[in-house]
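Everything on this sheet refers to the single structure shown next.
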Amino acid sequence: MAISRTDPEAGARERLVVVGNGMASLRFLERLTERAPGRYDVTVVGAEPVAAYNRVLLSSLLGGEVDEAACAFRGLDWYEAHGIRLLTGAPVTAIDRESGLAIVGETHVLPFDKLVLAVGSTPIRLPKPGMELPGVITFRDLADVAAIRKAAVEHARAVVIGGGLLGLEAAVGLARRGIDTTLLHVMDRLMERQLDHAAASLVRRAMEARGVKVRLKADTAAIEGRGRVERLRLSDGTVLPADLVVMSVGVRPSVALAREAGLATSRGITVDDRMATSDPRIFALGECAEHRGQIYGLVEPAYEQAEALSRHLAGDAASYLGTALSTSLKVSGLPVFSAGVVDTPEGAEAIVLSDPGAGLYRKLLVEDGRLIGAVFVGDIGEQGWCKALIRSGEPVAAHLDDLMFGRPAAPQTLAA
């Protein structure tokens with residue numbers, strides 16, 4: 001693998017190597033080229049064979065609603081126009097901090113003055129018998145979608161393990177393809193980190209309306225079959241026939257590269273408010289980064305980290321102070337939003353509007369006169385306002401009716 005240096009000014013600029021070309025990496029590159037065009041000699045290295053794409057659309061891609069081209073963000077011409085060398089299908093295998101080198105593959109080296117780690121996370125496989133059988137597939141990237149499509153032949157029976165966001169998306173995508181799909185979740189409600197029981201019940205109903213069979217409190221004991229997946233056995237003895245098992249039970253930050261380089265790691269790669277690691281020349285952002293003990297597995301925090309890091313490397317004073325978590329999505333066409341606290345803590349007041357027949361649910365959690373949490377299903381029109389109020393801690397007594405029922409439309413001015 002050869003890299004040409006055709007820019008005569010490249011030697012005068014700091015060499016910046018970005019490891020990883022996912023959504024966080026691309027947002028960082030976009031903002032850095034806007035704020036400091038030409039300041040750095042940039043090389044970005046991605047392990048996947050294609051440039052950054054929209055992972056949020058993977059379930060739509062799986063279900064046939066969009067094609068792969070619709071998932072793409074920036075064409076190769078964008079990288080070229082901004083003077084960025086892009087290497088795809090090329091994992092960085094080691095970092096030599098003493099010499100300032102990123103090792104690509106076995107032999108190729110990239111010298112750096114600054115390095116950004118945006119290496120994401122890896123999907124978890126349950127430590128249960130049979131997880132190595134052909135037909136057990138994770139749901140994380142384009143290669144996974146291709147593998148699932150190949151296995152999801154006509155009359156196939158699919159089991160999805162995991163009732164979080166990715167599990168729901170995988171199940172809906174399979175059901176859209178006409179596959180007999182069962183979703184298993186070990187907890188007593190779907191998306192328990194984002195939804196309370198009432199909201200989760202509406203989401204379950206929407207899933208079942210799309211043809212997904214949902215089993216809660218379902219603990220997988222083993223996956224069985226001769227040579228490939230044939231069935232899944234639950235801990236209560238129930239046996240489910242299966243030709244395909246999609247594993248979506250969470251992710252782990254990718255820390256091996258950083259740890260082997262001697263950088264400080266915990267659950268993720270430890271970073272400060274400037275997104276710097278224990279080596280001031282090396283930064284980390286996105287799903288691999290651990291900031292103030294917190295690891296975020298969502299796009300919004302990764303984008304906020306990319307904003308902060310791009311400002312810092314452009315020479316501006318910038319700090320990342322953390323993200324107030326929120327979730328906004330559509331499950332089987334049903335809008336869902338949550339932010340802050342989900343279950344009502346002791347001493348807090350829950351204000352609830354519920355119309356299950358219309359698929360409508362709103363809950364506001366108020367403590368000491370301030371909004372600490374919100375869960376909306378069906379109509380999420382006030383989500384931005386809720387997030388702002390939770391973050392600011394502003395008193396909400398005067399806003400409760402508008403938050404619950406929506407702000408009245410502005411009066412129309414009659415023409416003379």
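All values below were derived from every heavy atom in this structure, side-chain atoms included, with hydrogens, water molecules and symmetry-related copies excluded. Every value quoted in this text rests on a predicted model; they were computed, and no experiment measured them.
- Using a 4.0 Å cut-off between charged nitrogen and carboxylate oxygen, D180 and R157 do not count as a salt-bridge pair.
- Between R85 and E80, none of the side-chain N atoms (NZ, or NE/NH1/NH2) sits under 4.0 Å from a carboxylate O, so this pair counts as no salt bridge.
- Using a cut-off of 4.0 Å between Lys/Arg side-chain N and Asp/Glu carboxylate O, D219 and K128 are scored as salt-bridged.
- Annotation: L360, atom CG; neighbour count of heavy atoms from other residues, nucleotides and ligands within 6.0 Å is above 12.
- For CZ of R311, the number of neighbouring non-hydrogen atoms (other residues, nucleotides, ligands) closer than 6.0 Å is 12 at most.
- A side-chain donor-acceptor contact under 3.5 Å links H291 to the backbone of Y320.
- Electrostatic pairing of E208 and R204 counts as a salt bridge here, judged by a charged N lying under 4.0 Å from a carboxylate O.
- Remark: D196 engages K363 in a salt bridge, criterion side-chain N to carboxylate O under 4.0 Å.
- Under the salt bridge (Lys or Arg N to Asp or Glu O under 4.0 Å) criterion, R39 pairs with no residue, sequence neighbours left out.
- Remark: R274 engages D272 in a salt bridge, criterion side-chain N to carboxylate O under 4.0 Å.
- With hydrogens and angles disregarded, a donor-acceptor distance shorter than 3.5 Å links the side chain of T277 to the backbone of D279.
- Nearest heavy-atom pair across L16 and L32 is CD2-CD2, 3.5 Å.
- By the 6.0 Å contact criterion, CD on Q294 is enclosed, its count of non-hydrogen atoms from other residues, nucleotides or ligands being greater than 12.
- Between S59 and R176 the shortest heavy-atom distance is O-NH1, 4.0 Å.
- Look at E394 and R370 and you find no salt bridge, because none of the NZ, NE, NH1 or NH2 atoms lies under 4.0 Å from a carboxylate O.
- With respect to the salt-bridge test (charged N to carboxylate O, under 4.0 angstrom), the residues K217 and D188 do not qualify.
- Between E287 and R140, at least one side-chain N (NZ, or NE/NH1/NH2) sits under 4.0 Å from a carboxylate O, which counts as a salt bridge.
- Closest heavy-atom contact between L142 and Y53: N-OH, 3.1 Å.
- Contact check on E307 versus R35 returns a salt bridge, with a Lys/Arg side-chain nitrogen under 4.0 Å from an Asp/Glu carboxylate oxygen.
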Identify all side-chain donor-acceptor contacts of residues 335-351 below 3.5 Å with residues at least two apart in sequence or on another chain.
| from | atom 1 | to | atom 2 | distance (Å) |
| --- | --- | --- | --- | --- |
| S338 | OG | Q194 | O | 2.9 |
| D343 | OD1 | R189 | NH2 | 3.4 |
| D343 | OD2 | R189 | NH2 | 2.8 |

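- Closest approach of M187 to L216, counting heavy atoms only: O-CB, 3.6 Å.
- A salt bridge links D113 and R15; the closest N-O separation between the charged side-chain nitrogens and carboxylate oxygens is under 4.0 Å.
- Residues passing the side chain to side chain donor-acceptor pair (under 3.5 Å) test with S254: none are found, sequence neighbours excluded.
- The shortest heavy-atom contact between V246 and A170 is CG1-CB, 4.1 Å.
- In terms of modelled atom types and a separation under 3.5 Å, the side chain of T33 and the main chain of L29 share a donor-acceptor contact.
- Contact detail for F283 and A276: the closest heavy-atom pair is CD2-CA, 3.5 Å.
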